Amino acid sequence: MAQKILLTGGAGFIGSHTYVALKNAGFDAVILDNFSNARRDVTDRLEVITGTPVTCIEGDVLSESLLDRIFADHDIAAVIHFAAQKAVGESVEKPLEYLNTNIAGLYALLRSMRRAEVFRLVFSSSATVYGQPDHLPVNETAGRSFNNPYGFTKLVCEQSLEQIAASDDRWAFGVLRYFNPVGAHETGLIGEDPNDIPNNLVPYIAKVATGELARLSVWGNDYDTPDGTGIRDYIHVMDLAKGHVQSLDALLTSGAGHVVNLGTGTGYSVLEVLQAYERACGHTLPYRIAPRRAGDVACVYGDTRLAKQILGFKAELGLDEMCASSWNWVARRKNT
Ligand code: UD1
């Protein structure tokens, strides 16, 4: 019988794509989501993509009684914990909300998992824990820091998992440090769908491409990079989703915890991403150069060797595929 995985935040951007990858890999899955940053029709769309009914429970990861009920009702083999808040600027304005959702949410989940005797967890971390690394590509042994409450929550969660794993060897955690996830499922039925004006680059460019926003502001062209704009390691969300399945497989088969980067290992500048999106949508996209964004770093891309070694992970989709799939999603979305 298929092993059943609980996906907290499974209706969100990365969660919904991981749901598809899990089903394709033969797992069963239950989604828990409070829909604070996900559309309700995601579950219908997941049913179309997978051809099977979706089990989705609406609720909050902070509710331990709800979590206890889910573990009682379903034979859960492991959990992938996506449910968190992720907007850096908002975290500066509302630190308590971020601390509560991201840190207290993880603790509530871990307590409930322990009661249910489920000891396998994949955790969504972020390359934000590296700040501006001293060496590139950055590997998993690099020093960690934080620049804002959001980054602080990811660091505290990572450190908490380390303490818990060290104290009780029944636990095994897969900590995945995401670089910059972009793109969408090939059907164009699911994708990234921010509620407000996007903060992140590709969702913003997508709205310029559809005409919903007038032009991109490029935050700084005076960085120490070849074209002066910031460089990041963008990874296709379906590659990232595959990384979750591989992390889960490792936890369930060997029981060995791991901390790995999930990126492509290649950095692209803001202007290179804009040009790739122009190729995808077939027309030029207006932009202006604006001052640097507070808290931004010049250049980050990951060393991906450890993920390959431990999980067999390798990103296969490039920047053009990321932009083409994003455009396929937003263009369809606008017309439906
Ligand atoms: C941001 C967060 C990071 C978080 C991640 C979640 C900051 C400082 N960092 O990463 O902690 O884990 O989102 O997805 O917010 N850019 C523009 N114009 C825009 C938007 C972005 O020029 O309108 C540039 C940025 O300056 C940067 C690059 O595009 O060089 C990528 O930005 P973004 O998509 O926001 O990702 P990060 O800053 O890497």
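What you see is a predicted model; the values in this text were computed from it and never measured. As the structure lists them, so they are numbered: ligands from 1, and atoms in each ligand from 1.
Within the 4.0 Å heavy-atom criterion, neither part of F146 lies near ligand 1. Contact annotation for V270 and ligand 1: only side-chain heavy atoms (C-beta onward) come within less than 4.0 Å of the ligand. With a heavy-atom cut-off of 4.0 Å, N199 touches ligand 1 through its backbone alone. The residue V297 has no part lying near ligand 1, judged by heavy-atom distances below 4.0 Å.
Distances from ligand 1 to the non-hydrogen atoms of S217 include at least one value under 4.0 Å. For Y150, the closest heavy-atom approach to ligand 1 falls below 4.0 Å.
When the heavy-atom distances from atom 19 (C) of ligand 1 to W219, Y178, F179 are ranked, the shortest goes to W219. Relative to atom 27 (C) of ligand 1, the option among R215, R232, E192, K86 with the closest non-hydrogen atom is R232. Around atom 34 (O) of ligand 1, the closest heavy atom drawn from T229, L201, N147, D233 belongs to L201.
In terms of protein heavy-atom proximity, atom 11 (O) of ligand 1 is closest to T128 OG1, 3.1 Å. Considering only non-hydrogen protein atoms, atom 7 (C) of ligand 1 sits nearest to V88 CG2, 3.6 Å. Looking only at protein heavy atoms, the nearest one to atom 5 (C) of ligand 1 is N200 ND2, 4.1 Å. When hydrogens are left out, the protein atom nearest atom 32 (O) of ligand 1 is R293 NH2, 3.5 Å; that is the closest non-hydrogen contact.
A salt bridge does not link E186 with R332: every distance from a Lys NZ or Arg NE/NH1/NH2 to an Asp or Glu carboxylate oxygen is 4.0 Å or more.
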Original post:
When you look at S124 and H81, which way does the side chain to side chain donor-acceptor pair (under 3.5 Å) test go after all the steps?
Top reply: CA-CA 6 Å; S124 303; H81 182 44; over 6 Å; no

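Near N180, with a cut-off below 4.0 Å to any heavy atom, the atoms of ligand 1 are 36 (O), 37 (P), 39 (O).
In this structure, R115 fails the cation-pi test against F71, since its NZ or CZ atom is not both closer than 6.0 Å to the six-membered ring centre and inside 45 degrees of the ring normal. Taking the centre and axis of the six-membered ring of F27, the NZ or CZ atom of K4 falls outside the cone set by 45° and 6.0 Å. The cationic atom of R232 (NZ for Lys, CZ for Arg) does not lie both less than 6.0 Å from the six-membered ring centre of F179 and within 45° of the ring axis.
Of the possible polar contacts, none joining the D33 side chain to the G59 backbone as a donor-acceptor pair under 3.5 Å is found.
Using cut-offs of 30° and 60° on the angle between ring planes, the pair Y150 and Y98 is perpendicular.
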